[in-house]
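Have a look at the structure below, then the notes.
Below, all heavy atoms of this structure are taken into account, side chains as well, without hydrogens, waters or symmetry copies.
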Amino acid sequence: MLGRLTVDALPFYSWVAMSGALVTVLGGLMVAAGLTWFRQWGNLWSEWLTSLDHKRIGIMYVALAMVMLMRGFIDAIMMRSQQAVSLNSDGYLPPDHFDQIFSSHGTIMIFFMAMPFLTGLINIVVPQQIGARDVAFPFMNSVSLALTAAGAGLVLVSLVIGKFSTAGWTGYPPYSGPEFSPGVGVDYWLWAVLISGVGSTLTGINFVVTILKKRAPGMTLMRMPLFTWTALCTSVLMTFAFPALTVAAGLLALDRLLGMHFFTNAGGGNMMNYVNLLWMWGHPEVYILILPAFGIYSEVVATFSAKRLFGYTSLVYATASIAVLSFTVWLHHFFTMGSSANVNAFFGIATMIIAVPTGVKVFDWLLTMYRGRIEFRPPMLWTLGFIVTFVIGGMSGVLLALPPADYLMHNSTFLVAHFHNMLIPGALFGYFAGYMYWFPKAFGFALDERWGVRSFWCWLIGFYLAFMPLYVLGFMGMPRRMEHYNIALWQPYLIVAALGAVLILIGIIFLLVQLVVSVRQRQGSLDRTGDPWNGRTLEWLTSSPPAPYNFAVLPDVRDIDAFHDMKARGVAYRKPDHYDDIDMPKNSAAGAFLCAFAFLLGFAMVWHIWWMAILFAAATGIVIVARACNDDAEYRLSAADVAAIEDRRYQALANAARMRPTTDQIFANRPLQEGST
């Protein structure tokens, strides 16, 4: 009846596992209690979970990412503390549990923290940046969020019922095969990745179509903001790369479930085919994570340097070049496989070449800041911290592009340091910059800057303490994923790395404090104009938070920095002569049901509860068919209603103008840079 599910699935095997399960359960109960106490269940359902508004979907993505960041970081600090104390001892983590932790840490941070974070920011910002009222497929957007949340739920429930994979976040055979991993851990990993991967593929398709087909009049491709360009390239990568991951995970699931031999050498398969398929997704995935951050840095540097972005055209071509080249370098992840010298040489050279457009971007950002009026606000601090730190990681990547050097340092802590050097300053710092930069646009009030600065310094210093010692340990020959060791020279470096992790933990706490303080003091930091930073792109033309339709009248774009150009011409806040009716998507509960059904389907497949799997597969199909047959999926907002909303907006602008200089005065006091418009 319940397949493999028995009482032994409860985490009684370790006090650490039991503690993690209790924290997860108590955290969920506290959230439920808070919603009940403040009577917010109805509001959560009607205004959020069933919403097809791209901005609210984006906010829910970011909220999911923040929750998973805290969950994934708990794994990180447990690993670092274990290694700091496990010289000639077993430490406090059993080996099997340590293996689960490094597997879940990588899985959570890649699939369920970074992917939702970047997808959320793209959802919030891109339609506004291109002057659109919505994404191309609003319901598909809701389904993408549902599948991502369902996959995250499977990872979280593995803490409470059963165990997670011990085969690493990449799931390499034969470790992930039934011979070495007969339990449910790899199945949790597989179904979480399969379900969320479909959601990411749908997101890629949605935003490719949105950006290509929904741009405002006059916004040609070469007038799009850099963040939109990076979102377009990221969406193309998601569309073409994630199917490779889906195929690899699906074939591995067939090996485990039906005894097939796609990746079983003894049965006529080849486990290196899995590695190739995984990294055909995996290396484009690195740029899926980093390219949106590059777009954020471009927006932040231009805004807080009060200058047009230097080398716009070169930045566009560099972004497109990175997207294309990212599909040509996957084999550098396994130079040690035994390929021929010519094959290794090709992928080594391609890896070095991809560093060139990245270097172009860094120089363009530096030249944008040159002779600019730089304001050291928190988003700009994250950007400056990225530039310095990312260059170090880039140089270590070029070193690893040399096959002989990679042979020496493969699977060492040097590789761990390089990978985190790319993704923490390269991607996560960018997401934090975007989070603080666009927060007033999403919620109508700014985040407290003092706590933002404190968090930044904790993250930056903590990163250097946590990962620079790992470069040294890699040269000293320390393999990664070691649960205990007997070489005393390693321990001081591991203690420093653990202290760095503690400092990063303080940085995460400061982010939470910043949010709480900002909410409590929001009346003093309201954004009544929609343009708190004197921005340059179209999202700052909308109110904060924006109306459901974003733009009552679609803007007419005449320059790269469209909003800056409109302010310079004095037309940014010109009231339209009339308004038209606007069609908007109705809320739909189908996405929320698909989230629940996908989670339960995945859970049933993990535990081989076949009746449950059939039931929820059928329920999923019924929901999809019912939604496809629903022709009443939109409502019409009348011109009179639009006019009433816009009148309130213009009244708020007029009130704000009495408290700060007018647009004309701003431009009179802050003359344009030479060569700018």
Side-chain angles (χ1 to χ4, degrees), residues 58 61 110 114-130 132 135-136 144 197 200-215 219-245 280-302 309 311-330 350-351 353-362 364-365 386 390 394 422-423 426-427 430-431 433-434 537 539 560:
Y61 265 119
I110 296 294
M115 286 301 299
F117 213 148
L118 73 90
T119 306
L121 293 174
I122 289 173
N123 260 286
I124 294 167
V125 177
V126 165
Q128 297 181 74
Q129 280 201 336
I130 63 175
V135 296
S144 300
S200 296
T201 305
L202 295 178
T203 295
I205 295 169
N206 201 350
F207 278 94
V208 168
V209 178
T210 297
I211 295 170
L212 293 181
K213 303 298 289 185
K214 302 279 284 186
R215 300 191 305 277
M219 180 166 282
T220 62
L221 289 175
M222 294 307 290
R223 287 179 180 171
M224 293 195 312
L226 249 298
F227 182 68
T228 300
W229 260 111
T230 57
L232 174 60
C233 291
T234 295
S235 299
V236 171
L237 293 180
M238 290 167 70
T239 302
F240 287 99
F242 266 90
L245 175 67
M280 283 179 191
W281 159 81
H283 202 81
E285 169 68 5
V286 173
Y287 292 101
I288 288 170
L289 301 180
I290 287 180
L291 282 178
F294 285 175
I296 294 168
Y297 298 133
S298 299
E299 304 295 340
V300 167
V301 164
L309 197 59
Y312 171 87
T313 303
S314 65
L315 283 166
V316 169
Y317 283 114
T319 301
S321 299
I322 290 170
V324 172
L325 290 170
S326 69
F327 282 105
T328 68
V329 296
W330 79 87
T351 304
I353 291 173
I354 205 171
V356 175
T358 308
V360 168
K361 285 178 170 286
V362 172
D364 280 341
W365 292 322
F386 147 77
F390 185 78
M422 292 284 96
L423 292 188
Y431 304 159
T537 46
E539 74 269 27
I560 294 173

Could you give the distance from OG1 (T203) to CD1 (I122), rounded to the nearest 0.5 Å?
8.5 Å
Could you report the tightest heavy-atom contact between S298 and L309, atom names first, then the distance?
O-CD1, 3.5 Å
Quick one: does F390's side chain get under 4.5 Å of K361's, heavy atoms only?
no
Would you check if W229 and L291 make a side-chain contact, meaning some heavy-atom pair closer than 4.5 Å?
no
Would you say the side chain of T313 lies within less than 4.5 Å of the side chain of M222, judging by non-hydrogen atoms?
yes
Separation between CD1 of I560 and OG1 of T537, rounded to the nearest 0.5 Å
12.5 Å
I want to check something: taking the side chain as every heavy atom from C-beta on, are V208 and L212 in contact at a cut-off of under 4.5 Å?
yes
Tell me the closest heavy-atom pair linking S200 and M238, and the distance in Å.
O-CE, 3.2 Å
How about I288 and F242: do any of their side-chain heavy atoms sit closer than 4.5 Å?
yes
Taking atom types as modelled and ignoring hydrogens, do the side chains of D364 and S314 form a donor-acceptor contact shorter than 3.5 angstrom?
yes
Does any part of the side chain of T319, heavy atoms only, come nearer than 4.5 Å to the side chain of L226, both counted from C-beta?
yes
Show the nearest heavy-atom pair for residues T230 and P292, with the distance to one decimal.
OG1-CA, 3.8 Å
Show the numbers, then the answer: is there a side-chain contact (heavy atoms from CB on, under 4.5 Å) between R215 and T220?
CA-CA 8 Å; R215 300 191 305 277; T220 62; 5.6 Å; no
For S326 and L237, run side-chain contact (heavy atoms from CB on, under 4.5 Å): C-alpha distance rounded to whole Å, both residues' side-chain angles, the deciding distance at 0.1 Å, then the answer.
CA-CA 9 Å; S326 69; L237 293 180; 3.5 Å; yes
Is the number of heavy atoms from other residues, nucleotides or ligands within 6.0 Å of CZ (F327) greater than 12?
yes
Run the side chain to side chain contact (heavy atoms under 4.5 Å, CB included) test against T228 and tell me which residues pass, sequence neighbours left out.
V126, Q129, I130, I211, M224, P225
Give the ring-plane orientation class for Y297 versus F386, where under 30° counts as parallel, over 60° as perpendicular and anything between as tilted.
parallel
Sorted by chain and residue number, the side chain to side chain contact (heavy atoms under 4.5 Å, CB included) partners of I110 (sequence neighbours excluded) come out as W169, W281, E285, L289, F419, L423
Which heavy atom of A293 sits nearest to which heavy atom of G430, and what is that distance?
CB-CA, 4.0 Å
Do the side chains of T328 and H283 get nearer than 4.5 Å, heavy atoms only?
no
Using 0.5 Å steps for rounding, measure from the OH atom of Y431 to the CD1 atom of I296.
7.5 Å
Go through the structure and list residues passing side chain to side chain contact (heavy atoms under 4.5 Å, CB included) with S321, not counting sequence neighbours.
P357
Identify the two heavy atoms, one from T239 and one from G204, that lie closest to each other, and give their separation to 0.1 Å.
OG1-C, 3.2 Å
F294 and Y287 aromatic centres sub-6.0 Å:
no
Residues two or more places apart in sequence or in another chain: which of them pass side chain to side chain donor-acceptor pair (under 3.5 Å) with T351?
H332
Could you give the distance from OG1 (T119) to CD1 (I124), rounded to the nearest 0.5 Å?
11.0 Å
Sequence-distant partners of Y61, ring pair (Phe, Tyr, Trp, His ring centres under 6.0 Å), two or more places apart:
none
Hits for side chain to side chain contact (heavy atoms under 4.5 Å, CB included) against V324, two or more places apart or cross-chain, chain-then-number order -> none
